[in-house]
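Heads up, the thing below is written out as structure tokens.
In what follows, every heavy atom counts, from backbone to side chain, and hydrogens, waters and symmetry copies are set aside. Remember, it's 1-based here, ligands and their atoms both numbered in the order they're listed.
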Amino acid sequence: MEKYTSEALISLALEARKNAHCPYSGIAVGAALLTKTGEVFLGANMESASFSPTLCAERVAFGAALSQGHREFLRIAVVGAKKDEMPHAFFPPCGVCRQVMAEFCENDFEILLSDGKTVEVLTLDALLPHRFGKEHF
Ligand code: THU
């Protein structure tokens with residue numbers, strides 16, 4: 001796991017971002033998700049002409065990992081900006097992605113954001129407190 005520093009995970013998210021399909025919003029997002037066993041899965045946002053099928057980069061990364069059998073995650077790096085610009089502001093995950101993270105991740109799961117200068121580290125608990133989850137069934 002430690003071979004992926006915060007900066008390394010952000011770099012992978014920047015690489016993933018190059019594959020964003022975002023002709024409608026013009027916002028390109030990349031994500032790099034680190035499993036507890038040390039694998040990284042990448043995602044980029046995928047938009048649709050009918051809009052609602054759009055998938056965020058974070059959920060694409062989770063789908064890639066889940067479909068390969070992974071269920072335990074340590075952290076995710078997320079970067080986003082207009083597609084012709086480099087990220088220059090923190091790009092926090094949307095509420096739907098936070099809920100998907102909550103399905104598989106613990107309170108201390110980390111969300112790494114970058115504004116191109118510094119890395120901010122947030123926990124899932126900070127981003128989605130008092131959440132609805134499996135314990136409510
Ligand atoms: N987007 C993400 O990929 N992740 C987020 O957490 C927020 C939004 C994408 C979806 C859409 O393609 C574009 O950014 C604008 O909302």
Lys36/Glu106 ion pair, N-O < 4.0 Å: yes
Test item: Thr54 and Glu47 side chains (from C-beta on) under 4.5 Å apart, heavy atoms: yes
Pairwise side-chain contact, Arg75 with Leu9, heavy-atom cut-off 4.5 Å (strictly under): yes
Under 3.5 Å, N/O to N/O: give me all the pairs between ligand 1 and the protein, one per line with atom names and distance.
residue	atom	partner	partner atom	Å
ligand 1	3 (O)	Ala57	N	2.9
ligand 1	4 (N)	Glu58	OE1	2.8
ligand 1	6 (O)	Glu58	OE1	3.4
ligand 1	6 (O)	Glu58	OE2	2.7
ligand 1	6 (O)	Cys94	N	2.9
ligand 1	12 (O)	Asn45	ND2	2.9
ligand 1	12 (O)	Glu47	OE2	2.4

Residues that, via side-chain heavy atoms closer than 4.5 angstrom, fall in one hydrophobic cluster with Ile27: Val29, Leu33, Phe62, Leu66, Phe73, Ile76, Val78, Phe90, Phe91, Val100, Met101, Phe104, Phe109, Ile111, Leu113, Leu122, Leu124, Leu127, Leu128
Donor on one side chain, acceptor on other, Thr118 and Glu120, under 3.5 Å: no
Residue His130 excluded, over 12 heavy atoms near NE2 under 6.0 Å: no
